[in-house]
Undergrad: 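Input: one structure, supplied below.
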Amino acid sequence: MAEPTTSDAGAGPPAPRTSPLAHLANRMRAAAVTGARGVTLAEWPFVTMVNLRVDPASEAAVRIEKTLGAPLPRQCGHTTASGPHTLVWLGPDEWLVLSHADGTAVAGELGEALAGDPGSVVDVSANRTTLELSGPAARQVLEKGCPLDLHPRAHGPGRAVSTTVGPVAVLLWQVDDAPTYRLFPRSSFADYLARWLIDAMAEYRGPEVP
């Protein structure tokens with residue numbers, strides 16, 4: 001067995017993982033607004049995200065649904081969920097699997113279910129981060145820069161669509177009626193989006209203008 005080199009012997013533990021918005025954590029907390037016009041912003045770092053492509057009519061899709069414990073959503077905006085997994089529709093043969101489970105394990109299980117049939121499974125967890133915007137004024141904050149109709153008649157809990165907030169492309173998922181939204185921007189645009197949202201939240205600290 002080879003003797004360790006000087007560089008090997010002096011190497012310390014690997015540096016801790018840093019999320020794309022760790023440097024803005026204090027600013028996001030300070031931006032929180034309470035009360036009837038309340039709104040909060042936080043990062044949910046390191047959410048497992050696996051991109052899945054498969055023919056929804058194939059036997060491989062059936063195996064994948066069994067592996068995930070939930071059907072693949074078949075319409076734009078729809079999501080399904082089971083256990084630690086939420087499945088988001090991205091296209092007729094494309095989905096994003098959001099999970100609390102380990103990304104390598106999820107991708108490995110889905111790859112085994114695909115079993116060499118046409119399709120792909122790619123762990124894209126490092127590609128995006130997650131921002132959570134919640135509170136009575138959360139919809140109004142988003143409406144300052146999102147072209148979607150976010151009124152409950154058109155967009156409610158369980159809906160997830162690709163859109164823009166300000167100039168940033170995101171996947172926008174409404175989680176509940178609070179309302180709580182989770183936004184999935186590319187990591188390289190997360191700083192801009194977080195600062196945009198912090199600025200958009202500031203107005204709700206003051207009284208509502210009649």
Side-chain angles (χ1 to χ4, degrees), residues 21 24 28-45 47-49 51-52 56 65 68-100 128-186 189-190 192-210:
L21 294 174
L24 289 180
M28 287 190 283
R29 281 193 293 270
V33 180
T34 59
R37 287 169 25 110
V39 59
T40 61
L41 178 66
E43 183 188 23
W44 283 49
V47 173
T48 289
M49 303 183 201
N51 184 271
L52 168 66
E65 289 176 330
L68 293 171
L72 295 170
R74 305 301 172 99
Q75 296 182 45
C76 178
H78 286 200
T79 64
T80 56
S82 177
H85 311 308
T86 298
L87 287 63
V88 179
W89 188 96
L90 296 181
D93 66 349
E94 185 175 10
W95 296 265
L96 186 66
V97 181
L98 306 170
S99 182
H100 299 297
R128 303 174 188 252
T129 192
T130 307
L131 279 163
E132 183 173 275
L133 187 73
S134 184
R139 176 163 67 92
Q140 287 84 349
V141 169
L142 287 177
E143 286 175 337
K144 291 184 177 188
C146 180
L148 289 180
D149 181 0
L150 296 176
H151 190 279
R153 66 174 173 260
H155 191 95
R159 298 282 295 176
V161 292
S162 295
T163 185
T164 55
V165 175
V168 179
V170 299
L171 178 64
L172 178 65
W173 172 29
Q174 183 173 341
V175 179
D176 59 30
D177 283 317
T180 300
Y181 300 93
R182 291 192 188 149
L183 297 84
F184 303 90
R186 305 286 184 184
F189 293 102
Y192 185 100
L193 178 60
R195 293 176 189 273
W196 188 96
L197 290 167
I198 288 169
D199 183 68
M201 291 164 60
E203 136 183 17
Y204 297 93
R205 291 185 174 280
E208 186 172 4
V209 178

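None of these values were measured; they are calculated from a predicted model. Numbering of residues begins at 1 and proceeds along the displayed sequence.
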Undergrad: Which heavy atom of Leu133 sits nearest a heavy atom of Ala138, and at what distance?
TA: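 In this case the closest contact between Leu133 and Ala138 is CD2-O, 3.6 Å.
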
Undergrad: How long is the span from the CG atom in Leu142 to the OG1 atom in Thr163, to the nearest 0.5 Å?
TA: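 Rounded to the nearest 0.5 Å, the CG-OG1 separation comes to 9.5 Å.
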
Undergrad: For Tyr192 and Val168, run side chain to side chain contact (heavy atoms under 4.5 Å, CB included): C-alpha distance rounded to whole Å, both residues' side-chain angles, the deciding distance at 0.1 Å, then the answer.
TA: CA-CA 8 Å; Tyr192 185 100; Val168 179; 3.8 Å; yes

Undergrad: Give a yes or no on whether the backbone of Gly158 and the side-chain of Thr79 come within a donor-acceptor separation of less than 3.5 Å.
TA: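 Judged by distance alone, yes, a pair lies under 3.5 Å.
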
Undergrad: Has Trp44 got a side-chain atom pairing as donor or acceptor with Glu132's backbone, closer than 3.5 angstrom?
TA: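 No, the answer is negative, given that no donor and acceptor are paired below the 3.5 Å cut-off.
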
Undergrad: I need the minimum non-hydrogen distance between Val141 and Ala200, along with the two atoms involved.
TA: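 Residues Val141 and Ala200, closest heavy atoms: CG1-CB, 3.8 Å.
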
Undergrad: What verdict does the side chain to side chain contact (heavy atoms under 4.5 Å, CB included) test give for His155 and Val161, after you've listed the backbone C-alpha separation in whole Å, the side-chain angles of each residue and the deciding distance to 0.1 Å?
TA: CA-CA 10 Å; His155 191 95; Val161 292; 4.0 Å; yes

Undergrad: Are the side chains of His100 and His85 in touch, meaning some heavy atoms are under 4.5 Å apart?
TA: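 No. Closest side-chain heavy atoms not under 4.5 Å.
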
Undergrad: Start with the C-alpha distance between Asn51 and Leu90, add both sets of side-chain angles, then the distance that settles side chain to side chain contact (heavy atoms under 4.5 Å, CB included), and finish with yes or no.
TA: CA-CA 9 Å; Asn51 184 271; Leu90 296 181; 3.8 Å; yes

Undergrad: Tell me if a side-chain donor or acceptor on Ser99 pairs with a main-chain N or O of Thr48 at a distance below 3.5 Å.
TA: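 No, because the side chain of Ser99 does not come within donor-acceptor range (under 3.5 Å) of the backbone of Thr48.
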
Undergrad: Please give me the minimum heavy-atom distance between Ser82 and Ala70, naming the atom from each residue.
TA: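 It is CB-CB, 3.8 Å.
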
Undergrad: Counting C-beta onward and ignoring hydrogens, is there a side-chain heavy-atom pair between Arg128 and Leu171 closer than 4.5 Å?
TA: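 Arg128 reaches Leu171 side chain to side chain.
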
Undergrad: Is any side-chain heavy atom of Leu87 closer than 4.5 Å to one of Glu65?
TA: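 No, too far: nothing below the 4.5 Å cut-off.
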
Undergrad: Check Leu21 against Met28 and note the closest heavy-atom contact, atom names and distance.
TA: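 Looks like O-CE, 4.0 Å.
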
Undergrad: How long is the span from the CH2 atom in Trp95 to the CH2 atom in Trp89, to the nearest 0.5 Å?
TA: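 If I round to the nearest 0.5 Å, the distance is 9.0 Å.
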
Undergrad: Using only atom types and a distance under 3.5 Å, with no angle test, would you say the side chain of Arg74 pairs donor to acceptor with the backbone of Leu72?
TA: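 The answer is yes, because a donor-acceptor pair under 3.5 Å joins these two groups.
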
Undergrad: For side chain to side chain contact (heavy atoms under 4.5 Å, CB included), just list the numbers for Leu98 and Phe184, CA-CA rounded to whole Å, side-chain angles, deciding distance to a tenth of an Å, and then say yes or no.
TA: CA-CA 11 Å; Leu98 306 170; Phe184 303 90; 3.6 Å; yes

Undergrad: Rounded to the nearest 0.5 Å, what's the gap from CG on Leu150 to CD on Gln140? Could you check?
TA: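 Atom-to-atom, Leu150:CG and Gln140:CD are 10.0 Å apart.
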
Undergrad: Can you tell me how far apart CZ (Arg182) and OG (Ser134) are? Round to the nearest 0.5 Å.
TA: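 Answer rounded to 0.5 Å: 9.0 Å.
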
Undergrad: So does Pro152 get a backbone contact from the side chain of Arg139, meaning a donor-acceptor N/O pair under 3.5 Å?
TA: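 Pair absent, no side-chain N/O of Arg139 close to backbone of Pro152.
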
Undergrad: Identify the heavy atoms of Arg195 and Leu24 that sit nearest to each other, and give their distance.
TA: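 Minimum heavy-atom contact is NH2-CD2, 3.6 Å.
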
Undergrad: Within this structure, what is the OG1-CG distance for the pair Thr164 and Leu172, rounded to the nearest 0.5 Å?
TA: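 Those atoms lie 10.0 Å apart.
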
Undergrad: So which heavy atom on Pro92 is nearest to which on Pro56, and how close?
TA: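 The pair with the smallest heavy-atom distance is O-CG, 3.6 Å.
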
Undergrad: So how far is it from Arg29 CZ to Leu41 CG, rounded to the nearest 0.5 Å?
TA: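 Rounded to the nearest 0.5 Å, the CZ-CG separation comes to 11.5 Å.
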
Undergrad: Within the side chain of Gln174, is there an N or O that forms a donor-acceptor pair under 3.5 Å with the backbone of Asp176?
TA: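 Yes, the answer is positive, given that a donor and an acceptor are paired below the 3.5 Å cut-off.
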
Undergrad: Is a side-chain N or O of Arg205 found less than 3.5 angstrom from the main chain of Ala32, in a donor-acceptor match?
TA: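 Side chain of Arg205 to backbone of Ala32: a pair is present.
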
